[in-house]
Amino acid sequence: MNRSGRGKPPLTAPKRQKKAPAKQAPQRSRKRTRKSAPRRRRGPIGLLLAPFRWIASLAWRLAWRGAVVVALIIGVAVFYVYTTLPPVSSMLDGRSRGSVTFLDRDGEVFAWRGEQFGGQITAETVSPHLRNAVVATEDRRFYMHPGVDPVGIASAIRINLREGRGPLSGHGGSTITQQTAKLLCLGRPYEKEEWESEAAYEADCRETSLWRKAKEAIYAMAMEAKYSKNEILTIYLNRAYLGAGARGFEAAAQRYFGTSASDLRPAEAAMLAGLLKAPTRYAPTNNMSLSRDRAAVIVNLMEGQDYLTEAEAETALAQPAELSPAAAARAGGYFADWVMEQGPNFLTSDTTEDVTIRTTFDPGIQKSAEDALRHVFDTKVREGSDAQAAIVVMSADGAVRAMVGGRQFTGVAGQFNRAVMAKRQTGSAFKPFVYATALELGFNANSTVEDSPLTLNVPGSGTWSPKNYTRNYRGTITLTEALTHSVNTAAVRVSEAVGRDNVRKVAADFGIQSDLDSGPAIALGTSESTLIEMTGAYAGILNGGSSVEPYGMIELRLAGDRTALIGQEGGMGERVISQNAAQQLVYMMNQVVERGTGQRAKLEGRQAAGKTGTTQAARDAWFLGFTADYVAGIWMGYDDNTPLTGVTGGGLPAEIWHETMLRVHENLPASPLPMARPPEAPAQVADSRGATADSRNAAGQGQAAQRQQPRQAQPQGGQSLGERVVRELFGLFGGN
């Protein structure tokens, strides 16, 4: 190493110099570069779509904000309704009026009126088949939706459009919860003062406008929040109307099948669930065939939704539901309507309570009457005839056992009841009261009267000449013969002899309340009366001469009460004629059946008595009569007063009476009639001149005094007090 002179410099590491970084554009410069980059020019399509993009963006922003607002409003509305909902127990019976249940003479139910409520049931206690049938039919997603089912609504709209209707017409897609809201009328109870009628209130509750549907949806969601699914179903099962006055499934089960809703079989449950679509149309009491067809659809739905096995479904289809005997018979409809009129309105037609009425009704006798009427019309009346008939059967004390108010009772309460509403001329069926008056005044069944041409001078009307039906005259005949052959001239002579006022009084006292004719034609039944009045009057003859008030109600009580509010033990009233006079009249009427105009009513091996009646031009035909056990009255005619063709009281009415009583007495031992044969010695009632109006006027005050005591018993046979008085008054009577 050279350390001197010019040597090389020592080795040393050179200083490192930092490499100058590559020049980069500053950040700001980069941004500036982007901003300054030229924009792509929009094509014509972009320019066209721009407004639509802006509108869509605006609509979206408005939609989700509006949806939030609507959701808040709905939430507030649902919450408000939620706070107003009462306990479930207070919502089960929503009837505005109560029901009336009718029991027959044996205590069995035979009819209902009003809105029947069978009692509170729950979704847990009813038959599972019923619960499943309702859900399968009305709302298969009931246990999944929150009260409103969008899927169901969409499906309903699709069906409506496919069937050519508007989207909201027809199928509504309502859930069971929404239907329950409608049944509750959105929580608004019926107030009588606010509505013109209950029908108007119900129509408002059933309104199907879009606004109404929206309110129902809110109410339904509030119910879903407040109640459990089973509680909602419980309300529905108790409030649904199922036809024939049945409100709720318990009432319907009892009404149609005579059983509880907890014991329903699949076929019965399906039939009841099928009624929800149209209760009146599908009611089994209205159209069993249609009801069964609907039930079959429900059974298939239940099987398809696994509520029934294939075997259970086949059994339900092979063994469809059957009505209970009481429901199938539909017996006593006219009778029940009549009894409803017997009690006070606030306990019958307008009752707000559930009422039970025990009656005199006998379903066996009712069936006998209906079968008899059907038999005669099927075998002896031309097909398609519009002729009508009515029947009343009662006991001698006035207890009505059966009532047929027309040829067919459709099941609708309040039908025209010809047995109690139709006032018709009675014809010769009135004549027993003429002879009852004569017997009470002292004549007897063997007293004689003249059957010959008769002309009376009627003040204000001129002369009047009654004619016999046969246009023949028999001469002098007994009162028995006169009644047996329904001789008109004889009846008029007797009526004139004993006094029309007396005849009117006796008839009225026997229960004929209609206005009675004041002229001489009263003896021929020109006055009008109802069938039930006439039958009751004949019952008075059978019971020995005492009046009766026909009755059907034995007692009325509120459901569950032990004490009756109304009670009745019988319909017997005051005595009208003596027992002896009544028993002789029974004998005379027995001869009508044995050998007179009423022979078609004769019962083999059993005594019967009665009287025929045919009015002018045969517009009305009657037969009324009795055995020792029952009284029955038959009326036949047209509602529009068209004359009957070839029909008299001794014809078809007598045959209907015969067929009725034959069935009624089928298992009863034969009992003799309470009749008394008359004494042999006759007394003449009137000679060929008759008892004219002029001769009555000449009698003066003596005649009036005689008429004041028509109900006093008189000695029978010979010259009784009554005979002597009448002979002295008219100077028309001679010895035997």
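Since we're looking at a predicted model, the values are computed, not measured. Index from 1, following the sequence.
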- Query: Is there a donor-acceptor pair under 3.5 Å between the side chain of Q178 and the backbone N or O of T175?
  - Reply: yes
Could you go step by step and tell me if T359 and W338 meet the side chain to side chain contact (heavy atoms under 4.5 Å, CB included) rule?
CA-CA 11 Å; T359 72; W338 172 64; over 6 Å; no
R401 meets the salt bridge (Lys or Arg N to Asp or Glu O under 4.0 Å) criterion, sequence neighbours left out, with none
By side-chain contact (heavy atoms from CB on, under 4.5 Å), T84 pairs with (sequence neighbours left out) Y80, V81
- Item | Cationic N near anionic O, under 4.0 Å, K367 to D371 | yes
The residue among K213, E138, K182 that forms side chain to side chain donor-acceptor pair (under 3.5 Å) with S174 is K213
For L92 and I235 the tightest heavy-atom approach is CD2-CA, 3.9 Å
When rounded to the nearest 0.5 Å, the distance separating CG of L317 from CD of E303 is 8.0 Å
(Q) Do K229 and T177 pair up side chain to side chain, a donor and an acceptor below 3.5 Å, judged on atom types alone? (A) no
request  = Could you please spell out the steps behind the salt bridge (Lys or Arg N to Asp or Glu O under 4.0 Å) verdict for R113 and D337?
outcome  = CA-CA 8 Å; R113 290 293 182 272; D337 284 350; 2.9 Å; yes
Q.
Quick one, R418 with L531, criterion side chain to side chain contact (heavy atoms under 4.5 Å, CB included). Give me CA distance, side-chain angles, the key distance, then yes/no.
A. CA-CA 8 Å; R418 296 160 188 84; L531 179 60; over 6 Å; no
Starting from the C-alpha separation in whole Å, work towards a yes-or-no answer on side-chain hydrogen bond (donor to acceptor under 3.5 Å, both in side chains) for Y236 and Q179. CA-CA 8 Å; Y236 186 71; Q179 293 180 50; 2.8 Å; yes
Legend entry - Heavy-atom side-chain proximity of R212 to C205 below 4.5 angstrom: yes
Donor-acceptor pair, distance only, cut-off 3.5 Å: does the side chain of N345 make one with the backbone of D350? no
Practice item. Could you tell me how the ring of Y82 sits relative to the ring of F79: parallel (under 30°), tilted (30 to 60°) or perpendicular (over 60°)? Key: parallel
*asked:* Is it the case that the side chain of D139 and the backbone of I176 share a donor-acceptor pair, with hydrogens and angles ignored and the cut-off at 3.5 Å?
replied: yes
- Task: Could you tell me whether F361 and F110 have their ring centroids closer than 6.0 angstrom?
- Result: yes
Under 4.0 Å between a side-chain nitrogen and a carboxylate oxygen: does that hold for R292 and E322?
yes
Distance col, row K380:NZ vs L652:CG, nearest 0.5 angstrom, shows 7.5 Å
Do the side chain of T315 and the main chain of A311 share a donor and acceptor less than 3.5 angstrom apart? yes
| query | Can you list the steps and then say if D362 with D104 is a side chain to side chain contact (heavy atoms under 4.5 Å, CB included)? | reply | CA-CA 6 Å; D362 189 311; D104 62 25; over 6 Å; no
- Message: Main chain of M91, side chain of R239: is a donor-acceptor contact present, judged purely on distance under 3.5 Å?
- Response: yes
Closest non-hydrogen contact found for A389 with L373 is CB-CD1, 3.5 Å
The reported gap from OG1 in T101 to CD1 in I357 (rounded to nearest 0.5 angstrom) is 9.0 Å
Closest heavy-atom pair, A133 versus M302, reported as atoms and distance to 0.1 Å, is CB-SD, 3.6 Å
Between E353 (side chain only) and L558 (backbone N and O only), is there a donor and an acceptor less than 3.5 Å apart? no
**OP:** Check step by step if side chain to side chain contact (heavy atoms under 4.5 Å, CB included) holds for T309 and E314.
**Re:** CA-CA 9 Å; T309 66; E314 288 179 355; over 6 Å; no
Does some side-chain heavy atom of V148 sit less than 4.5 Å from a side-chain heavy atom of M221?
yes
> Is the side chain of R663 donor-acceptor paired with the backbone N or O of I365 at a distance under 3.5 Å, no angle test?
Replying inline: no
Within the structure provided, determine whether E216 and L186 are in side-chain contact (heavy-atom separation under 4.5 Å). yes
Report task. Indicate yes or no for a side-chain donor-acceptor contact from S385 to the backbone of R382 under 3.5 Å, with no hydrogens or angles considered. Result -> no
Side-chain donor-acceptor pair under 3.5 Å between T642 and D640, yes or no?
-> yes
Value for OG1 (T356) from CG (L565), rounded to nearest 0.5 Å, stands at 10.5 Å
Heavy atoms of L347 and V100 approach each other most closely as O-CG2, 4.3 Å
pair L233-Y143: side-chain heavy atoms closer than 4.5 Å:
yes
d(E124 CD, R131 CZ) to nearest 0.5 Å is 7.5 Å
message: Is the shortest side-chain heavy-atom distance between I566 and P344 below 4.5 Å?
response: yes
Ion pair R407/D386, N-O distance below 4.0 Å
no
Nearest heavy-atom approach of L275 to P284 is CD2-CD, 4.0 Å
**Asked** Got a donor-acceptor contact below 3.5 angstrom from the T348 side chain to the M340 backbone?
**Response** yes
Worksheet item: Any side-chain heavy atom of F249 sitting closer than 4.5 Å to one from L264?
Response: no
Query raised in the report: Any donor and acceptor pair, going by atom type alone, linking the side chain of S99 with main-chain N or O of D354 inside 3.5 Å?
Result: no
### Message
Between Q388 and W635, is there a side-chain heavy-atom distance shorter than 4.5 Å?
### Response
yes
d(I656 CD1, F377 CZ) to nearest 0.5 Å is 5.5 Å
Between A270 and A295, the two heavy atoms sitting closest are CB-O, 3.6 Å
| query | Is any side-chain heavy atom of D263 closer than 4.5 Å to a side-chain heavy atom of F257? | reply | no
